[in-house]
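Written out below as structure tokens is the structure these notes cover.
Chain identifiers are assigned alphabetically (A, B, ...) following the order of the sequence lines, protein sequences preceding nucleic acid strands; residue numbering begins at 1 within each chain. Just the heavy atoms: all of them, side chains too, but no hydrogens, waters or symmetry mates, feed the values below.
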2 protein chains.
Amino acid sequence: MSGPTSSTANAGTVSRVNQTAILDVLRRHGPLSRQEIGARTGLSAATVNRLAGQLLRKGLVVTDGHQPSTGGRPSILLRYSGRAHLVSVVHVGATRTEGALVDFDGTIVHRVRPPMVPGVLHAADRATIRLEEALSVVTELGAAAAERGQPSQAVGVAVPGVVDGAEGRVTWAPALDWREVPVGSVLHDRTGLPVVVENDANLLAVGEHRRGAGQGVQDLVAVVLGTGIGVGIVTGGRLHRGSRAAAGEIGYMLMERSSLTRFFPGFGDLESRVGSAGLTRQARERGIVAPADRPLTAADVFDLVRNGSAEARALLEETLDHVALAVANLCTVLDPELVIVGGEMGGAADLITPGLRDRLVGRIPHVPRMAASALGDDAAIVGAAELAARLVSDFAYVQATP
Amino acid sequence: MSGPTSSTANAGTVSRVNQTAILDVLRRHGPLSRQEIGARTGLSAATVNRLAGQLLRKGLVVTDGHQPSTGGRPSILLRYSGRAHLVSVVHVGATRTEGALVDFDGTIVHRVRPPMVPGVLHAADRATIRLEEALSVVTELGAAAAERGQPSQAVGVAVPGVVDGAEGRVTWAPALDWREVPVGSVLHDRTGLPVVVENDANLLAVGEHRRGAGQGVQDLVAVVLGTGIGVGIVTGGRLHRGSRAAAGEIGYMLMERSSLTRFFPGFGDLESRVGSAGLTRQARERGIVAPADRPLTAADVFDLVRNGSAEARALLEETLDHVALAVANLCTVLDPELVIVGGEMGGAADLITPGLRDRLVGRIPHVPRMAASALGDDAAIVGAAELAARLVSDFAYVQATP
DNA sequence: GAGTACAGTATCAGCCTGATAGAAAACTCC
DNA sequence: GGAGTTTTCTATCAGGCTGATACTGTACTC
């Protein structure tokens, strides 16, 4: 923080800001004529025309037919289009790694799924395996993009763990056994592209915020129910990361007074009660067995509930109690407009969100809207693509200082 | 949201942004020469000189002697100074109303304390009394400012309740019996000045962030322990208000699983367990009596603890347990760098913060720094002054989008 | 087919920044 | 004490951007 802070502006900044304003209004309000853009942004016709020309040349805006004339010359409609630009995204997960080429519209145009390595979950060198896998996926994506004649412009990495965003370093990702892994700089050195690395719950929130169930919402919380539990937080339209990028790690939330006298080495209080790992453990303890001859999964428990199993129902209710407490506390702290339920258990949102709502009504002053993830398994990928795209668009906006 | 979004920029915006950059660097790094300002901001010497001239003329920057020469012409040091500009602030509380003239440096230069109205706490028309009181305080402050030859430039109002910030309307402030009271527009009509109305816990956080224990910190939480409990949240250097301005109303936090089967009409779960009201109620239930012949206060309980009362100590420990749970959950959700303890009970921070720390170590992954409020009773007033000052400075800054 | 209404384009003044050159102020050396 | 040196501050001007104005282009209507 000793160098120039570079929070200054010049004529070029003005241009970038206004281009961003035009892109924003096009993304939000569909195809518009130059006139309408001017009316909505407050920019003069000349400025809109010139900037729109630049954006057309860059390929970020395309013409989209004419508007029927209202007596005079019909206007040409302009539409935002990210199809001409691609970014590479890799989602490194505990069970598998997945890659995708995503355009600036958030559309996945190509996928890479490396074969699953048997036994990797408990392999001693799984950290190295996962890292190598991620590198080769990014290389493959880069080649696929080049083949299309649209070279990848940035890389996004989704990781289930704590990430130092500025450095692109994964501080701690237990599911991958990654500790202080500098994925960002490794990938930057390998590809020469700008790289963004981010926690996958945060990215799910970003993805849903920009392209999913949370579009247009300024304050939302995405609850990711998977092996563990985590949340991504968007406040004021921006991702909230916290001082050490550990915001939303609510697996460590304390659930009752007695939690203050217990110790939680390596795992959290809430995490041990909910999440598919906790769920299946408790299910086994209660004698619930999988229908087929294989380890019980969370999906099995949900199926049992749907089929009327009383034990499974009781277990679900107990889990929901804990999730509801966590969500209630999230809501009192953050006052979000929307709570999105996603992750591995997001598919069971029909069983989860009504249960949450019922528990919260009457207990907290205002129960926010609740929705299931609209992007499903791809939410984190889409979120990572969004951040990566922003990285290269390099636009800016001006904000008052309230 | 149908009008022009006005997120565009022009040459004037550039100037304002750069002026803000200069003020920022002056506030942060003390008196600087024009040269140093240029080096730190990246602005050219000519620009720094011209903008500094404008700021000198406005009185926001003053000269502050010379720097010893290093061989050539010695440079003139410039310093930020808010002394030439005043704002009026009124803190409307349950027990009393307090007014102050505050300069842009955050220094309180004049106070107005209207006489306490006996019995107002339970008067049927206390809403009207409090509003009239606030209006007359603001009028008096305006007169006092005019008398000094520095007319008040804006009004800040601190209220213990939920505030619709854009409208300056108090949605719900039980302590004042205010419901949908449009303080903002009333005061604007009365004074002709811009007005900002904000929740007092939020303002305490802002005050401590800009002028108190949280200077230089980007993510902090201020826990206000008073009649009830609330928190103010600063994320990324900005106040987080939530979608309905109810963020931080953690009095409604649910403390255990059984809370999900109880109802909380008009008060919250946590609130009923902590806060001076809950504390004294529980003290009475346990047979703790005030030393003198008057109603027991929270301060009395703290005194008893300091004097070695076992009952009072046990009660404090129980209260601390609940506060610690709330703070633990705040920390897992937000990952703040600093937790500030303030409010009526802030004076007993010596009893509170160590207790909190002990309870959290080992239970959550990272216990943030904790500090007592540095501004004490004036924190909310200073925070309101800060927001009011920003309102008229009307500066802006440019931000990248990610 | 002329007139009209609206969309898009060119031109220019005004503002701001940054570069360059020049004036001002203090120190040093003779 | 005065000239030279060093550094700071200021004036002037080119370049970029916006916004206003005037102009051209296109399709509909009478």
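Between the Asp105(B) side chain and the Thr107(B) main chain, no donor and acceptor come within less than 3.5 Å of each other.
For the side-chain contact (heavy atoms from CB on, under 4.5 Å) criterion with His240(A), the lone passing option out of Val234(A), Thr235(A), Asn202(A) is Thr235(A).
Here Thr47(B) reaches the OP1 or OP2 of dG18(C): one of its side-chain N or O atoms lies under 4.0 Å away. Between Asn10(A) and dC17(D) there is no side-chain N or O to OP1 or OP2 distance below 4.0 Å. When the side-chain nitrogen and oxygen atoms of Asn49(A) are compared with OP1 and OP2 of dG8(C), none of them lie within a distance under 4.0 Å. Taking only side-chain nitrogens and oxygens, Gln35(B) comes nearer than 4.0 Å to OP1 or OP2 of dC9(D). At dG19(D), none of the side-chain N or O atoms of Arg50(A) fall inside 4.0 Å of OP1 or OP2 (strictly under the cut-off).
Residues Val25(A) and Leu32(A) meet the side-chain proximity criterion, which asks for heavy atoms closer than 4.5 Å. Proximity of Leu193(A) to Gln153(A): side-chain heavy atoms (C-beta onward) are nowhere separated by under 4.5 Å.
In the set dT18(D), dA26(C), dC16(C), dC16(C) carries the atom at the smallest distance from any side-chain atom of Val14(B). Nearest to the side chain of Ile76(A), among dC15(C), dG8(C), dT17(C), sits dG8(C). Candidate nucleotides dA19(C), dG19(D), dA25(C) were compared by shortest atom distance to the side chain of Ser44(B), and dA19(C) ranks first. Proximity note for Ala46(A) (side chain, C-beta onward) versus dC16(C), dA11(D), dA10(C): the nearest is dA10(C).
In the interface, the side chain of Arg73(B) is paired with the base of dA24(C) through a donor and an acceptor atom under 3.5 Å apart.
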Let's go through Val61(B) and Leu26(B) carefully: what are the C-alpha distance in whole Å and the side-chain angles of both, what is the deciding distance for side chain to side chain contact (heavy atoms under 4.5 Å, CB included) to 0.1 Å, and is it a yes or a no? CA-CA 9 Å; Val61(B) 163; Leu26(B) 283 181; 3.7 Å; yes
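Of the two residues near DNA chain D, His66(A) and Ala11(A), the one whose nearest nucleotide lies more 5' is Ala11(A). Nearest-nucleotide assignment on DNA chain D puts the 5′-proximal partner with Ala45(B), out of Ala45(B) and Gln54(A).
Atom CD1 in Ile22(A) sits about 13 Å away from atom P in dC17(D), given to the nearest Å. For the pair Arg16(A) CZ and dG16(D) C1', the interatomic distance rounds to 13 Å; values are reported in whole Å. Distance Leu56(A) CG to dT9(C) C1': 15 Å, rounded to the nearest Å. Atom CZ of Arg34(B) is separated from atom P of dT7(D) by 19 Å (rounded to the nearest Å). The nearest whole Å value for the distance from the CG atom in Leu51(B) to the P atom in dC15(C) is 15 Å. If you measure from atom CG of Leu43(B) to atom P of dA19(C), you get 11 Å, rounded to the nearest angstrom. Look at CG on Asn18(A): it is 11 Å from P on dC17(D), rounded to the nearest Å.
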